[in-house]
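No hydrogens, no waters, no symmetry mates; every other heavy atom, side chains included, goes into these values.
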2 protein chains.
Amino acid sequence: MVRPTISETELLDAAILLFRTHGAEGVSLSKLSEATGLEKASLYYRFPGGKEEMILAVLTGVSQWLETSLFPALRQEGPPRKRAAKAAELLRAFYEDGKLSCAVDVLSLPGGSPRRHEALKAALEAWIAAFAAFARESGMTPAAARNVAEDALVRIEGSLVLSRALSDPAPFQRTLKLLPDLLTTR
Amino acid sequence: MVRPTISETELLDAAILLFRTHGAEGVSLSKLSEATGLEKASLYYRFPGGKEEMILAVLTGVSQWLETSLFPALRQEGPPRKRAAKAAELLRAFYEDGKLSCAVDVLSLPGGSPRRHEALKAALEAWIAAFAAFARESGMTPAAARNVAEDALVRIEGSLVLSRALSDPAPFQRTLKLLPDLLTTR
DNA sequence: GTCTATATTAAGATAGAC
DNA sequence: GTCTATCTTAATATAGAC
């Protein structure tokens, strides 16, 4: 008579990994049950709203990672290029050298709840804003900084797609190496 | 007693639209049936291998569009920047101004057949090679041209992700405007 | 808080009539 | 070549015991 019990954090991390790997439609409650050691009924106890509520929790978790890890690194003390390099290192780990997909990519296909798409959009916009605030330190106009920030996000998302489709981490790793330049120059 | 019958081309186009919109896991035979007017059994008559065979047909269709529309535009007579602008115009239409996703993105999540992933990779590599061949006309080394080509693909894929997640065609449209520069300069 | 058991609906797939 | 009908499996979801 086993009572596995999994912590809130472990449960969320397992869900994040699954959804980032297979996307919203590619994850079933059976897969979640297998990955967490919890029976489906227990998953409904934790997330009464079912899969959609789990996806919202995943998006909250990813947003919290941005707010507590990536953004603080950008706002640290020190020379801008060194802080950008630290951000790149955090991203490298977060995406496992390009082997993991981005939630913004794989969870943004049509079909989810309006709340899902609002959360996704808000997270992406917060990320762009954080990059833009960083870029402005290099003396860019707000508009130029916004362009640079969007461009960096475009490259991160796009290189993750290429790395996944080619089974080759190189495109993503080249983008990360470029990141300090992207956010400080123009 | 209706016999709808749909042409090979119309059937494939409907499948391409569905899969590019919802991804592999997001498309069911019921959706395909509804979109094509064919009952599920008829879909199996056309594609005995079921959904996976339909996805392979989608990838063949997309590859053929590349080979018969995009690549010839790049190889046309005329000044390079004008040919690149024509390619951008074709891409704008193909992605419906950024409202449609790329098959390379939405069909590359893990879980498909090995053949699917080989076809996807081959299509993407052919695309990169076509961009690289074009870029070499501007006097770049093979390595530089390859970098420029991959960078252009990164930006196309990434800007499509941003446009989708933000419900805003601007990132994709800016990328297209940039394309002639991307493929002729460095 | 997790379980077993079960209900309900949808998915992928096939048989056989026309 | 398409249909209706059906099969089997898997998905989402809930009830109730412990």
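A heavy-atom distance below 4.5 Å is not found between the side chains of A/Arg46 and A/Leu12.
A cation-pi geometry, defined here as NZ or CZ lying under 6.0 Å from the six-membered ring centre and within 45° of its normal, does not hold between B/Arg146 and B/Phe131.
Counting heavy-atom neighbours within 6.0 Å of B/Arg75 CZ, excluding the residue itself, gives a total above 12. Remark: B/Glu34 CD is loosely packed, at most 12 non-hydrogen atoms of other residues, nucleotides or ligands lying under 6.0 Å away. Sparse packing is recorded around NZ of B/Lys86, with 12 or fewer heavy atoms of other residues, nucleotides or ligands lying under 6.0 Å away.
Whole-Å rounding puts the A/His22 NE2 to D/dA11 P distance at 12 Å.
Taking the six-membered ring for Trp and thresholds of 30 and 60 degrees, B/Phe94 and B/Trp65 have nearly parallel ring planes, at less than 30 degrees apart.
Residue B/Ser28 holds its OG atom at 9.0 Å from CD of A/Glu25, rounded to the nearest 0.5 Å.
Listed by residue number, the members of residues 38-55 of chain A with any heavy atom below 4.0 angstrom from DNA chain C are A/Leu38, A/Glu39, A/Ala41, A/Ser42, A/Tyr45, A/Arg46. Listed by residue number, B/Val27, B/Ser28, B/Leu29, B/Ser30 are the residues of residues 26-33 of chain B with a heavy-atom contact under 4.0 Å to DNA chain C.
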Residue pair A/Ser101, A/Arg20: steps toward the side chain to side chain donor-acceptor pair (under 3.5 Å) verdict: CA-CA 6 Å; A/Ser101 298; A/Arg20 283 180 61 193; over 6 Å; no

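Residue contacts for B/Ile6: at a heavy-atom cut-off of 4.0 Å it reaches the sugar-phosphate backbone alone, with no base atom in range.
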